[in-house]
Amino acid sequence: MTLLYTSDPERGRIWREIFAAEASDIGFFDASQPHDPATIRYLAAWAPSAELIAGLPNLEILFSIGAGIDQFDMNALPPHIRVVRMIEPGIAAGMVEYATMAALALHRNLIDYREAQKDARWAPIKLKSAGERRIGVMGLGNLGQAVLKALAPFGFPLSGWSRSPRAMEGVTCHAGEAALPDFLAACDILICLLPLTDETRGILCRKTLSLLPRGAALVNVGRGGHLVEQDLLSLLDEAHLSGAVLDVTDPEPLPADHPFWAHPRIILTPHVASMTRADSAARALIANIRRHQAGAPIEGEVARGRGY
Ligand code: NDP
Ligand code: OXD
């Protein structure tokens, strides 16, 4: 019953302590420690190489260090290996903070005031109430739902879009491709919290973003691959969109000469919306290994054919 960990060493140190104190029957090795690859049944990693996977003959489960699994090379992963994304309260808490910050910044015209400040212009904008600003979230999973719950008390009219039908109190839920135009037409602020899959790559493009009401704004906290960058730039320049808050780009890091850096209507952050919290993630992982040992469903198991 052995886990190999191959990510940030500081997090590894905390995980080793927690495993030793709370799950000492599960062997915990980080990549720098001598270990017998044949004993490894669990691997916790961000982007393991094909060589690493090939060298673990008895691997059963690949646990992602983060919520996303799009960084895995699925072709290098034999089909019998189960894949599990990270669900832990630290990731959700960080995402709730960031998405709320971004939504409020856009709602309260922070991009305009940042520009006015550069020119020493005192230029108040008439206040819109939260009830007049519709917010829609693409992706009604663990994080999309947490974000919608956090936004509800402000009084924004809320909607959400997912692949299969979902129900959330106080949220108008839409599902499937056919429902996308109606969903987008009612979003003054669109927050993307989708996983990156073959179906969602490039989903934030001219065709879809044009369906947002004129003056709408975008928050992308999913993946850079969701966004067709040139389409966003054109729609901002045409003033169809009023602004964007982007936490993710393609590639990362974003090259220094990329037009997003200096764009007056884009707020850019370096993929920091949320981060896996070491202590709560270690406990979530232990709980999942226990579920596996007991033959129970594993939280966050990915349907490999579906891509998330
Ligand atoms: P989940 O797997 O819990 O939820 C995914 C949601 O997206 C589900 O509601 C799913 O629909 C929906 N979805 C998937 N494919 C489609 C599709 N083709 N059309 C419509 N809806 C679709 O993921 P999480 O909430 O845990 O995480 C979402 C993403 O957030 C991660 O994959 C990652 O990319 C990103 N992320 C970014 C971070 C950052 O710091 N910027 C940090 C953490 C995560 P259904 O409900 O029907 O299954
Ligand atoms: C994640 C991320 O997927 O940080 O957890 O993006």
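Bear in mind the structure is a predicted one, so any value in this text is a computation, not a measurement. Order of appearance sets the numbers: ligands from 1, and atoms from 1 within every ligand.
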Problem - Donor-acceptor side-chain pairing of Ser280 and Arg277 below 3.5 angstrom - result: yes
(request) Check whether any heavy atom of Arg85 sits under 4.0 Å from an atom of ligand 2. (result) no
For Leu140, the atoms of ligand 1 under 4.0 Å from one of its heavy atoms are 6 (C), 8 (C), 9 (O)
The answer for which part of His271 has a heavy atom under 4.0 Å from ligand 2 is side chain
Quick one, Phe19 with Leu285, criterion side-chain contact (heavy atoms from CB on, under 4.5 Å). Give me CA distance, side-chain angles, the key distance, then yes/no. CA-CA 10 Å; Phe19 271 74; Leu285 183 54; 4.0 Å; yes
Any heavy atom of Met138 under 4.0 Å from ligand 1? The part involved is neither
For Ala67, the atoms of ligand 2 under 4.0 Å from one of its heavy atoms are 1 (C), 3 (O), 5 (O)
Review point. Under 4.0 angstrom from ligand 2, any heavy atom of Ser274?
Key: yes
So, 4.0 Å and heavy atoms of Ser274: is ligand 1 close enough to count as a contact?
yes
Logged contact type for Arg85 with ligand 1, heavy-atom cut-off 4.0 Å, is side chain
Does ligand 2 have an atom that lies less than 4.0 angstrom from a heavy atom of Arg223?
-> yes
Within 4.0 Å of some non-hydrogen atom of Val221, the atoms of ligand 1 are 35 (C), 36 (N), 37 (C), 38 (C), 39 (C), 41 (N)
Would you say Gln71 and Ser64 are linked by a side-chain donor-acceptor pair, where the criterion is simply a distance under 3.5 Å?
yes
Would you say the side-chain atoms of Thr269 and Tyr98 include a donor-acceptor pair closer than 3.5 Å?
yes
Any heavy atom of Val248 under 4.0 Å from ligand 1? The part involved is side chain
- Message: Angle between ring planes, Phe29 versus His35, binned at 30° and 60°: parallel, tilted or perpendicular?
- Response: tilted
Determine, stepwise, if the pair Met138 / Leu193 fulfils side-chain contact (heavy atoms from CB on, under 4.5 Å). CA-CA 6 Å; Met138 297 176 102; Leu193 259 169; over 6 Å; no
key: Cation-pi geometry met for Arg306 and Tyr308 (6.0 Å, 45°)   = yes
Go through the side-chain N and O atoms of Glu60 and His80 and say whether any donor and acceptor fall under 3.5 Å apart. no
